[in-house]
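Following: one structure in structure tokens, then a few remarks.
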Amino acid sequence: MSNDSTTPEPQLTGSPRSVLAALVFTFITNIDMTTVLTLLPVAIFGGTTVPPLTFSLALSIQVGASLLGSTLVPLLFRGMHAGWMLAISALLKSCGFLALLVTVHEPGLYAFAVLAGFGRGVSKVGSRLLLTNATHEGNRAKVFQLFFITMNVALLIAPLVAQAAVSNDVAQLTLVGLIVLELAGGVWAGVAARRVGSDNQATRKLTVSGGIKLFLRGGPAAVLGYTLIAYFAMGFIMAMFLLYATVNPRLADFRSLFLSFEPLALIVIQLAFMPFWSKLPRSVVYSAAAVTCGAGVLLSFTSSVVLVLAGLALFAFSECLAMPASQVEASKVVAKAQLATMLSLVTILSAVGEIIGNVVAGWIVRNAGGLLPAATASGMAVSVIVLIGFGVASAGILRTTRTGGDAMPDVAAVREGKN
């Protein structure tokens with residue numbers, strides 16, 4: 001039990017320096033990883049670029065390795081404080097970047113996917129633990145909202161950095177700079193957070209035991225299905241726009257704009273509408289998330305810059321509504337004793353959904369042959385799948401949690417989405 005008197009919880013006295021370290025590391029690790037992922041399909045490394053299907057496979061491997069890293073944290077890092085976990089994750093990601101300096105052909109690319117992905121998984125847990133342990137309970141909602149904004153600012157800037165690296169033919173030099181930045185951020189996080197002790201109870205909550213039984217129950221199955229669909233849509237959109245130079249060569253010059261616009265829209269929507277989310281009926285929230293996600297996917301693969309931007313804005317709106325829902329609703333469909341297992345399954349299904357989305361995007365790009373009509377038709381099919389999936393899962397969630405009230409909980413502290 002987590003309240004065992006022989007295993008006291010850490011004293012959370014608050015450490016602004018450690019909070020700052022976690023936020024700075026979050027910014028660095030997201031800008032580093034997103035810059036590299038943005039460069040790979042379009043930059044020339046050693047006279048070659050990464051083929052679309054190979055890239056989507058590597059992207060999926062990276063997501064899978066990230067899931068593995070998050071899952072193994074309780075075994076590999078028990079007793080270690082979160083700051084040094086971030087330092088180790090920085091070392092792993094730097095080794096992955098270094099592999100790309102050697103070659104972007106399959107051996108180096110897949111080594112990058114495994115090492116950087118595993119490191120990213122460790123950093124997900126480390127950042128979350130450090131922010132939790134370094135803040136008072138009453139301040140965590142605000143801190144995690146700041147965490148979300150910091151993450152999306154990095155996602156906004158990274159494509160612009162990648163575009164500059166491509167245009168100046170300095171992709172490999174950029175990789176060297178990112179390695180230095182990643183290592184510096186990791187060391188500083190480890191040193192700055194050294195006064196924040198480890199939280200073994202928190203890391204144990206990430207393990208999965210007996211979770212298969214939850215799939216047989218209506219409420220948990222609905223939440224997990226909702227999670228799968230939401231992250232499938234996110235993985236599909238992300239991979240398609242990373243490969244946008246192949247998806248739609250006519251608008252290839254706008255690729256960096258599209259990649260930066262979606263996180264910018266997320267930030268603006270989150271800040272502008274956050275006070276209203278908790279006041280909306282849950283049925284309205286789920287309906288709006290489904291419709292805007294389906295419409296956003298569809299418009300994102302048109303031939304008009306304005307329509308593509310409108311589609312990304314709608315998708316960002318949907319993401320602000322849908323992504324927190326799986327974690328918020330998880331606490332309503334299981335008993336408190338099963339919440340840890342349920343959250344672990346949510347993490348697993350989010351990674352599985354993202355992997356499927358990545359692979360589907362890569363398959364579409366390979367078979368579309370750079371023809372936008374084919375990509376548009378595929379986007380239409382995916383939008384229909386998303387609408388139906390969201391509709392079925394939402395109905396299941398609303399039916400099984402009807403007794404929990406009709407107000408959507410505050411989502412500021414649970415939006416972890418892409419980190």
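FYI, the numbering just counts along the sequence from 1. The figures that follow rest on heavy atoms only: side chains count, while hydrogens, waters and symmetry mates do not.
At distances below 3.5 Å, not a single donor-acceptor pair connects side-chain atoms of S66 with backbone N or O atoms of Q62. In this structure, the side chain of S127 engages the main chain of S123 through a donor-acceptor pair within 3.5 Å. For R255 (side chain) and L242 (main-chain N/O), a donor-acceptor pair under 3.5 Å exists by modelled atom type.
Once rounded to the nearest 0.5 Å, the distance linking OG of S303 with CZ of R250 reads 5.5 Å. Summarising the geometry, atom CD1 belonging to I157 is positioned 9.5 Å from atom OG1 belonging to T35; distances are rounded to the nearest 0.5 Å. We find the CG-SG distance between L298 and C293 to be 11.5 Å, quoted to the nearest 0.5 Å. One distance of note links OG1 of T292 with CG of L314; it measures 6.5 Å at 0.5 Å rounding. Rounding to the nearest 0.5 Å gives a distance of 11.5 Å between CE of M234 and OG of S318. The structure places OG of S89 at 12.5 Å from CG of L115, a figure rounded to the nearest 0.5 Å.
Taking the side chain as every heavy atom from C-beta outward, Y231 and L349 never approach each other to under 4.5 Å. Counting heavy atoms from C-beta on, the side chains of V50 and P41 never come closer than 4.5 Å. Between L100 and L40 the shortest side-chain heavy-atom distance falls below 4.5 Å. F232 places a side-chain heavy atom less than 4.5 Å from the side chain of V360. Using a 4.5 Å cut-off on side-chain heavy atoms (C-beta onward), R120 and N30 make contact.
Here the shortest heavy-atom pairing between S350 and T227 reads N-CG2, 3.7 Å. Taking each heavy atom of I31 and A154 in turn, the nearest pair found is N-CB, 3.8 Å. The two residues W188 and V24 come nearest to each other via the heavy atoms CZ3-CB, 3.7 Å. Summarising the geometry of N358 relative to S56, their closest heavy-atom pair is O-CB, 3.4 Å, with the distance given to 0.1 Å. The shortest non-hydrogen separation linking A111 to A99 is CB-CB, 3.9 Å. In this structure, S260 and L156 approach most closely via the heavy-atom pair OG-O, 2.8 Å.
In terms of the side chain to side chain contact (heavy atoms under 4.5 Å, CB included) criterion, residue partners of A316 (sequence neighbours excluded) are, by chain and number, E262, A265, L266, I269.
A tilted orientation is assigned to the rings of Y226 and F390, their planes being inclined by 30° to 60°.
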Determine, step by step, whether L299 and V308 satisfy the side chain to side chain contact (heavy atoms under 4.5 Å, CB included) criterion, reporting the C-alpha distance in whole Å, the side-chain angles of both residues, the deciding distance to 0.1 Å, and the verdict. CA-CA 6 Å; L299 291 177; V308 173; over 6 Å; no

Take V114 and L68, measure what side chain to side chain contact (heavy atoms under 4.5 Å, CB included) needs, and give me the verdict at the end. CA-CA 10 Å; V114 172; L68 184 63; over 6 Å; no

Steps toward side chain to side chain contact (heavy atoms under 4.5 Å, CB included) verdict (D32, V36): CA-CA 6 Å; D32 284 358; V36 173; 5.7 Å; no

Apply side chain to side chain contact (heavy atoms under 4.5 Å, CB included) to the pair T54 and H105, showing each step before the final yes or no. CA-CA 9 Å; T54 302; H105 290 290; over 6 Å; no

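For F236 and F301, the ring centers sit closer than 6.0 Å to each other. You'll find the ring centres of F241 and Y244 inside the 6.0 Å limit.
Counting non-hydrogen atoms of neighbouring residues, nucleotides and ligands closer than 6.0 angstrom, the OH atom of Y110 exceeds 12 such neighbours.
Counting only residues at least two apart or in different chains, salt bridge (Lys or Arg N to Asp or Glu O under 4.0 Å) contacts with residues 177-188 comprise K93-E182.
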